[in-house]
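Proteins get letters first, then strands, A, B, ... in listed order; numbering begins at 1 in each.
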Amino acid sequence: MVYKSSLYKRIYVVVRNIPPGKVATYGQVAKISVVLHARIVGYAMAAVPPDSDIPWQRVINHQGKISPRSSGNGGTIQRQYLEAEGIRFDRNGRVDLKIYGWKYPDSERIEGDFFNPELPLEDTK
DNA sequence: TTGTTGACTCTGA
DNA sequence: CTCAGAGCCAACA
């Protein structure tokens, strides 16, 4: 799979390493990807090839909600994917990030040619 | 090259 | 907790 740029490739490597049953926010992916802003991560997700193996459904916004996309209602599919992995949604359609949020130390398992283990750990609570 | 857009986040009220 | 507004930066016209 050839991606549009090394920028996107970095994001996709991070997303692919999110464990099943966990979710990460755009901002978190942005931090791990070192130099990006959350919007760029969202932009990259919109450009994910439909035939890829990237678990884009595990990336949600900072409120713990599925981000509304500009077209269509693919968000419903995303929610079904996550529920199939055991993630529960509350009445407002929100995920409890304290339970299902991806903790940065897990990213030791990331296998990528770019990954730099010396990153700030801020989201570890 | 300038202007708009967007699967976002932060801050203040 | 929620709601607005400002800021963000790559992609696109």
Side-chain angles (χ1 to χ4, degrees):
Chain A
M1 184 68 66
V2 178
Y3 297 117
K4 223 170 178 182
S5 69
S6 61
L7 208 61
Y8 282 24
K9 182 179 176 181
R10 257 199 297 189
I11 296 172
Y12 296 151
V13 168
V14 173
V15 173
R16 260 201 298 264
N17 279 274
I18 300 174
K22 296 280 184 179
V23 295
T25 66
Y26 294 95
Q28 179 132 36
V29 173
K31 277 182 195 166
I32 297 171
S33 303
V34 180
V35 74
L36 300 173
H37 191 265
R39 267 201 180 280
I40 310 305
V41 177
Y43 204 91
M45 289 300 102
V48 168
D51 60 329
S52 72
D53 59 341
I54 298 168
W56 53 270
Q57 66 270 20
R58 294 185 195 135
V59 184
I60 60 178
N61 66 22
H62 197 257
Q63 305 173 358
K65 288 190 198 164
I66 293 175
S67 294
R69 62 196 31 63
S70 48
S71 65
N73 63 332
T76 308
I77 298 174
Q78 181 172 6
R79 174 170 174 161
Q80 288 175 355
Y81 272 124
L82 296 178
E83 286 178 330
E85 294 184 356
I87 294 176
R88 296 212 305 168
F89 289 76
D90 68 9
R91 195 170 64 80
N92 297 316
R94 264 196 305 252
V95 173
D96 190 347
L97 290 175
K98 304 224 183 266
I99 299 174
Y100 303 109
W102 184 35
K103 295 288 187 282
Y104 174 76
D106 289 349
S107 57
E108 300 174 9
R109 304 190 308 131
I110 287 184
E111 297 166 4
D113 41 12
F114 73 95
F115 188 66
N116 176 8
E118 316 205 19
L119 295 174
L121 331 166
E122 299 176 20
D123 293 70
T124 318
K125 293 182 181 175

Original post:
Taking everything shown except A:I77 itself, do over 12 heavy atoms lie less than 6.0 Å from its CD1?
Top reply: no
**OP:** Would you give the length of the straight line joining atom NZ of A:K22 to atom NZ of A:K103, rounded to the nearest 0.5 angstrom?
**Re:** 6.0 Å
Subject >> Separation of atom OH in A:Y8 from atom P in B:dG6, rounded to whole Å >> reply: 14 Å
Ignoring hydrogens and angles, write down the donor-acceptor pairs under 3.5 Å from the side chains of residues 34-45 of chain A, residues two or more places apart or on other chains.
residue: A:H37; atom: ND1; partner: A:R39; partner atom: N; Å: 3.3

Original post:
Which residue, A:I40 or A:H37, contacts DNA chain C at a nucleotide closer to its 5' end, judged by nearest heavy atom?
Top reply: A:H37
**OP:** Give the nucleotide from the list B:dT9, B:dA7, C:dA11 with an atom nearest to the side chain of A:A38.
**Re:** B:dT9
Subject >> Spacing between A:L7 atom CG and C:dC12 atom P, to the nearest angstrom >> reply: 12 Å
Subject >> Atom pair distance, as rounded to whole Å: CE in A:M45 and P in C:dA11 >> reply: 13 Å
**OP:** Could you list the residues that satisfy side chain to side chain contact (heavy atoms under 4.5 Å, CB included) with A:F89, not counting sequence neighbours?
**Re:** A:I66, A:R79, A:L82, A:E83, A:I87, A:V95
Original post:
Rounded to the nearest Å, what distance is computed from the CD1 atom of residue A:I11 to the P atom of nucleotide B:dG6?
Top reply: 18 Å
Original post:
For A:Y43 and A:R39, take the nucleotide of DNA chain C holding the closest heavy atom to each; which residue's nucleotide lies nearer the 5' end?
Top reply: A:R39
Original post:
A:N61 has an atom CG; how far is it from atom P of B:dT9, in whole Å?
Top reply: 5 Å
Under-3.5 Å N/O pairs linking protein and nucleotides 2-4 of chain C:
residue: C:dT2; atom: OP1; partner: A:R94; partner atom: NH1; Å: 2.8
residue: C:dT2; atom: OP1; partner: A:R94; partner atom: NH2; Å: 3.0

Original post:
Measuring from A:R88:CZ to A:D96:CG, what's the distance to the nearest 0.5 Å?
Top reply: 10.0 Å
Original post:
What nucleic acid atoms does A:Q63 come within less than 4.0 Å of, heavy atoms only: base, sugar-phosphate, or nothing?
Top reply: nothing
Original post:
Separation of A:K31 atom NZ from C:dC8 atom C1', in whole Å?
Top reply: 15 Å
**OP:** Can you measure from NZ (A:K65) to CG (A:D90) and round to the nearest 0.5 angstrom?
**Re:** 9.0 Å
Original post:
Over how many whole Å does the gap from A:L97 atom CG to B:dT9 atom C1' extend?
Top reply: 13 Å
**OP:** Flag yes if more than 12 heavy atoms outside A:R69 fall under 6.0 Å of its CZ atom; otherwise flag no.
**Re:** yes
Original post:
For A:D90 and C:dC1, what is the distance between atoms CG and C1' respectively, to the nearest whole Å?
Top reply: 12 Å
